[in-house]
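Structure first, commentary second.
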Amino acid sequence: MLIAKIETYTNEFVCFVRVTSDDGSVGWGQVAPYYADITATVVHRMVAPHVLGLNALDIDSLVDLVTEREHKFPGSFLRRAIGGIDTALWDMRGKLEGKSVCELIGGTPGQVRAYASSMKRDITPADEAARFVALRDQYGFDAFKFRVGAECGHDIDEWPGRTEAIVPAVRSALGEDVALLVDGNSGFSVDRAIEVGHMLQDNGVSHFEEPCPYWEYQQTKAVTDALSLDVTGGEQDCELQNWQHMIDLRAVDIVQPDICYLGGLTRTLRVAKMAEQAGIKCTPHAANLSMVTLFTMHLLRAIPNAGKYLEFSIEGLDYYPWQDNLFVESPFTVEQGKVTVTDAAGWGVEVQPQWLAAATHQVSGWRA
């Protein structure tokens, strides 16, 4: 069964990928959001020419082939483009076998515990705490993540004193029975990160994400070694050799690959295996309600070193207007703080035809 056609449906923020085989089988995937229109160009210029006409079921080999053929162009855009093809081929295989993707990779359908993940820094501690309480009461979330510091902030807070104010405010509002996670987004030096980390520990925070510039593994390791809570990271890393170095160094306590940034499910499974062999848990990054969260749900139901919970964005259309009307039926219903991976074949989701009709459509085809 050979890859006969690759299509992209794109706007600036989202790019869905449809792959069709020579026998008419179809699979749907997605590249990473943001500058998705640029990634769509990479799909057609740098990925499709290498995989059209090849075996649609040999996903591992195809992923490696593109990486080798385009060895002069390592980095994020190529990985994002590969991920679009990879995730579409996994969907195709699931539909062919009548299995969910999580079953294909050794898991079972079922529930996944989620943590409510805030993306905002322009929110006051009181307002953040209040919306967490409302989400707990409405949806049953028992874990929450919020932002501290400023993104790549060089120790300068979003506004003076916000970090020191928001941590106790959220803890006080939610009580002691919920898990608290924070994200530094590369905001701190080692010394400041350790200082903030001790304050987090004093307030029962269990997860400190990306405290230092993410590319400075030794800095992150220094923070990890100094603190007892879990220091986490890796969402931005898209090269497997960097992942192996990070894991060998034990720079973090928990790895957080992003399936779409890293280049698809196949490459993420490799990172999860690296971490498993080192005794490290895997709690992937999934910061919006496009297909990346669905991919991650399937992964967490299958890998033996899955972390405690799924990242689940709580931001609506005011923050992510491009999330509107992506799917015929949302796969992201939350009940008692959990979402469900169904037994539907493939990813188990249908892209909204109205969205596709409004998108920019490109096609790359193969002729025998």
Considering non-hydrogen atoms only, spot the tightest contact between [X] and [Y] and give its length.
| X | Y | answer |
| --- | --- | --- |
| Thr268 | Asp258 | OG1-O, 4.5 Å |
| Met274 | Leu240 | CE-O, 3.8 Å |
| Thr224 | Ala251 | OG1-O, 2.6 Å |
| Tyr261 | Cys238 | O-CB, 3.4 Å |
| Ile280 | Asn305 | O-ND2, 3.0 Å |

Salt-bridged, [X] to [Y], with N to O below 4.0 Å?
| X | Y | result |
| --- | --- | --- |
| Glu315 | Arg131 | yes |
| Arg147 | Glu210 | no |
| Glu128 | Lys120 | no |
| Asp177 | Arg136 | no |

Between [X] and [Y], a side-chain donor and acceptor under 3.5 Å:
| X | Y | value |
| --- | --- | --- |
| Ser21 | Asp23 | yes |
| His298 | Ser100 | no |
| Gln362 | Thr10 | no |
| Thr283 | Gln256 | no |

Side chain [X], main chain [Y], donor-acceptor under 3.5 Å:
| X | Y | value |
| --- | --- | --- |
| Asp22 | Ala4 | no |
| Arg18 | Tyr9 | no |
| Arg69 | His50 | no |
| Thr87 | Gln30 | yes |
| Glu239 | Gly75 | yes |
| Asp157 | Pro160 | no |

Does any part of the side chain of [Y], heavy atoms only, come nearer than 4.5 Å to the side chain of [X], both counted from C-beta?
| X | Y | value |
| --- | --- | --- |
| Arg79 | Leu262 | no |
| Cys282 | Ile303 | yes |
| Val252 | Met246 | yes |
| Pro109 | Cys102 | yes |
| Tyr217 | Asn242 | yes |
| Tyr309 | Leu181 | yes |
| Met46 | Leu78 | yes |
| Cys15 | Asp37 | no |

Is there a path of hydrophobic side-chain contacts, each under 4.5 Å between heavy atoms of I, L, V, M, F, W or Y residues, that connects [X] with [Y]?
| X | Y | value |
| --- | --- | --- |
| Ile59 | Val43 | yes |
| Val182 | Ile123 | no |
| Leu356 | Val26 | yes |
| Leu269 | Val292 | no |
| Met297 | Val255 | no |

Distance, nearest 0.5 Å, that separates [atom1] of [X] from [atom2] of [Y]:
| X | Y | atom1 | atom2 | answer |
| --- | --- | --- | --- | --- |
| Ile259 | His285 | CD1 | NE2 | 12.0 Å |
| Met291 | Leu326 | CE | CG | 10.0 Å |
| Gln323 | Leu289 | CD | CG | 4.5 Å |
| Ser206 | Gln201 | OG | CD | 10.5 Å |
| Leu89 | Ser25 | CG | OG | 11.0 Å |
| Phe144 | Leu135 | CZ | CG | 6.0 Å |

Quiz item: In terms of ring plane angle, is the pair Phe312 and Phe141 parallel, tilted or perpendicular, where the classes change at 30° and 60°?
Solution: tilted

Quiz item: Taking the six-membered ring for Trp, are Tyr34 and Tyr320 parallel (under 30°), tilted (30 to 60°) or perpendicular (over 60°)?
Solution: tilted

Practice problem: Apply the side-chain contact (heavy atoms from CB on, under 4.5 Å) test between Thr296 and each candidate in Thr293, Leu294, Leu300; give the one that qualifies. | Solution: Leu300

Practice problem: Kindly indicate, with the supporting measurements, whether the criterion side-chain contact (heavy atoms from CB on, under 4.5 Å) is fulfilled by Cys152 and Asn185. | Solution: CA-CA 6 Å; Cys152 296; Asn185 289 120; over 6 Å; no

Exercise answer: donor-acceptor pairs, residues 90-99 side-chain atoms, under 3.5 Å, sequence neighbours excluded:
unit_1: Trp90; atom_1: NE1; unit_2: Thr266; atom_2: OG1; d: 3.0
unit_1: Asp91; atom_1: OD1; unit_2: Trp347; atom_2: N; d: 2.9
unit_1: Asp91; atom_1: OD2; unit_2: Trp28; atom_2: N; d: 2.8
unit_1: Asp91; atom_1: OD2; unit_2: Lys95; atom_2: NZ; d: 2.8
unit_1: Arg93; atom_1: NE; unit_2: Glu97; atom_2: OE2; d: 3.0

Exercise. I would like to know whether Arg80 and Val47 meet side-chain contact (heavy atoms from CB on, under 4.5 Å); could you show each step before the answer?
Key: CA-CA 10 Å; Arg80 290 167 183 239; Val47 181; over 6 Å; no

